[in-house]
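Below is one structure; the comments refer to it alone.
In what follows, every chain begins at residue 1, and chains take the letters A, B, ... in the order their sequences are listed.
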There are 2 protein chains.
Amino acid sequence: MQVICPKFYFCMMALKKRRSDCPISTALDVFGDKWTLLIIRDMMFKGKRYYGEFLNGEEKIATNILADRLMSLEQAEIIHKNVDPSHGAKFIYKLSPKGIDLLPMLVEVILWSAKYDRKTAADALFVEQALKDKDKLLKDIRNGLQR
Amino acid sequence: MQVICPKFYFCMMALKKRRSDCPISTALDVFGDKWTLLIIRDMMFKGKRYYGEFLNGEEKIATNILADRLMSLEQAEIIHKNVDPSHGAKFIYKLSPKGIDLLPMLVEVILWSAKYDRKTAADALFVEQALKDKDKLLKDIRNGLQR
DNA sequence: TAATTTACTTGTATTTTGCAAGTAAATATA
DNA sequence: TATATTTACTTGCAAAATACAAGTAAATTA
């Protein structure tokens, strides 16, 4: 999307009609594409925080798509963007509570792929723990994210 | 996608490179778009089974997109397509076990929207039950889907 | 002070999506 | 039996999104 004036971006977004009020539909309006959840995955499970880190993920997202998705994630308040205090040229992207709350969904996605995708790279120990005590796993990951 | 020869569609799909072996990435290769999960939602929670029913959902999917997504869902073995025994001109689409196993993920999506989307149409009773006894809710919905 | 790093923006080609219209087979109606 | 209707699509085209390459500006490092 071409943002002519950032100040009115929120306004534009507000006007951009949601397809319906269905909870699944409105969620897909935010992350229903091939890239958004991969950025969230990188923050959630791989500890990535910088633009360059996302850019160098193994799926090789294009730089303009990355910039677009980071902006829409920030707009949706799923992530927050701040100047890196120890390096003024860098921005740190981190999950908001709303973003962290996507964890249970992502865990279910992982479990589904682990069950049906023969070539999945899902971590066996992760899957085992999720099947044995999901609440504990979720809590452990959340604790790691707070910091 | 333009399918020149349906017999070789599977072959084409096999060649179509997955972006990575990450379980989230491969899942998004299948349902990472604005429409696929809405079709699954219609089958899962609204009991829809016919092409025309999906077409008339409130989000108004385009007919060519619907045809494309039904084909890719069938290819992914998330749904099965059969002639309607009581009406030879109609096809019945139904979820496979693999499709039904997307239920936990969809419930998490609903809960996330219910928590953060002020205008969500998520059913309050559904949300309440999911928060109180998720396993029971999942089991109940699965029972309703078996038949 | 110059080179490098970081986080982008811009331009363009390709692909996907959205919309309208058309079609073919099966079924329902006259 | 002939005609109309329903169902599940396909086709064509315009618009939007995506991918890729190149360029840029601010901050940092050498």
Side-chain angles (χ1 to χ4, degrees), chain A residues 1-6 9 12-13 16-17 19 25 28-39 42 48-75 79-94, chain B residues 1-6 9 12 16-17 19-20 25 28-39 42 48-75 79-94:
Chain A
M1 189 201 292
Q2 180 82 326
V3 177
I4 293 98
C5 175
Y9 186 68
M12 290 168 59
M13 293 306 288
K16 200 167 93 176
K17 66 180 180 307
R19 293 173 295 172
S25 170
L28 292 175
D29 287 339
V30 179
F31 57 70
D33 71 271
K34 296 249 180 285
W35 294 108
T36 299
L37 288 179
L38 294 189
I39 296 170
D42 283 350
K48 294 188 183 178
R49 291 171 299 165
Y50 299 109
Y51 191 93
E53 291 180 304
F54 303 123
L55 205 58
N56 290 317
E58 60 177 336
E59 291 88 5
K60 296 301 167 202
I61 188 171
T63 179
N64 55 339
I65 302 296
L66 174 59
D68 178 85
R69 296 304 190 278
L70 286 172
M71 185 175 60
S72 87
L73 281 170
E74 202 190 348
Q75 193 53 58
I79 65 174
H80 294 311
K81 176 184 180 178
N82 294 103
V83 174
D84 184 346
S86 69
H87 185 108
K90 292 170 98 173
F91 289 106
I92 289 185
Y93 296 94
K94 62 177 292 192
Chain B
M1 189 203 293
Q2 180 81 326
V3 178
I4 292 101
C5 174
Y9 185 69
M12 291 167 58
K16 200 166 92 177
K17 65 179 179 307
R19 292 173 295 171
S20 76
S25 170
L28 292 174
D29 287 340
V30 178
F31 56 71
D33 70 272
K34 295 247 180 286
W35 293 108
T36 300
L37 287 179
L38 294 188
I39 296 170
D42 284 350
K48 294 188 183 178
R49 290 171 301 165
Y50 299 109
Y51 191 93
E53 291 180 303
F54 302 123
L55 205 58
N56 290 318
E58 60 177 336
E59 291 91 2
K60 297 301 170 203
I61 188 171
T63 179
N64 56 337
I65 303 295
L66 175 58
D68 178 84
R69 295 306 189 276
L70 286 172
M71 186 175 61
S72 86
L73 281 170
E74 204 192 346
Q75 191 53 56
I79 65 174
H80 295 310
K81 177 184 181 179
N82 293 104
V83 174
D84 183 347
S86 69
H87 186 106
K90 292 170 97 170
F91 289 105
I92 289 185
Y93 296 93
K94 62 176 295 189

### Query
Is there a side chain to side chain contact (heavy atoms under 4.5 Å, CB included) between B:Asp84 and B:Tyr50 once you walk through the steps?
CA-CA 9 Å; B:Asp84 183 347; B:Tyr50 299 109; 2.6 Å; yes
### Message
Among D:dT10, D:dT28, D:dA8, which nucleotide has an atom closest to any side-chain atom of A:His87?
### Response
D:dT28
### Query
Counting side-chain heavy atoms from C-beta on, which of D:dA19, C:dT17, D:dA8 comes nearest to A:Trp35?
D:dA19
#### Entry: Residue mapping more 5' on DNA chain D - nearest nucleotide basis, B:Glu53 or A:Arg69
B:Glu53
### Message
The side chain of B:Lys90 is closest to which nucleotide in this list: C:dG18, C:dT6, D:dT7?
### Response
D:dT7
### Summary
From NZ of B:Lys48 across to C1' of D:dA8 the rounded distance in Å is 16 Å
### Query
Looking for any heavy atom pair under 4.0 Å, which part of the strands does A:Lys60 touch: base, sugar-phosphate only, or nothing?
nothing
### Task
Rounded to the nearest angstrom, tell me the gap between atom CG in A:Leu66 and atom P in D:dT18.
13 Å
#### Entry: Nearest listed nucleotide, side chain of B:Tyr51, among D:dT10, D:dT18, C:dG18
D:dT10
### Message
Test side chain to side chain contact (heavy atoms under 4.5 Å, CB included) on A:Asp33 and B:Leu28; report intermediate values, then the result.
### Response
CA-CA 8 Å; A:Asp33 71 271; B:Leu28 292 174; over 6 Å; no
### Message
Please pick, from C:dA7, D:dA27, C:dA21, the nucleotide with the shortest atom-to-atom distance to any side-chain atom of A:Ala89.
### Response
D:dA27
#### Entry: d(CG, A:Asp84; P, D:dT29) in whole Å
10 Å
### Query
Would you say the side-chain atoms of B:Lys34 pair up with the backbone N or O of A:Gly32, donor to acceptor, closer than 3.5 Å?
yes
### Test side chain to side chain contact (heavy atoms under 4.5 Å, CB included) applied to A:Arg19 and B:Trp35, step by step
CA-CA 11 Å; A:Arg19 293 173 295 172; B:Trp35 293 108; 3.7 Å; yes
### A:Leu55 CG - C:dA7 C1' separation (whole Å)
9 Å
### 5′-ward residue of the pair A:Ser86/A:Ile65 relative to DNA chain D
A:Ile65
#### Entry: Distance in angstrom units between A:Met71 CE and D:dA17 P, rounded
12 Å
### Upstream residue (5' side of DNA chain C) when A:Leu70 and A:Asn64 are each assigned their closest nucleotide
A:Leu70
### Task
Would you mind reading off the distance between B:Phe54 atom CZ and D:dT7 atom P, rounded to a whole angstrom?
14 Å
### Task
May I ask you to decide if B:Gly52's main-chain N or O and B:Asn56's side chain share a donor-acceptor pair within less than 3.5 Å?
yes
### Query
Roughly how many Å is it from CG in B:Asp68 to C1' in D:dG12, rounded to a whole number?
16 Å
### Between C:dA7 (P) and A:Asn82 (CG): distance, integer Å
13 Å
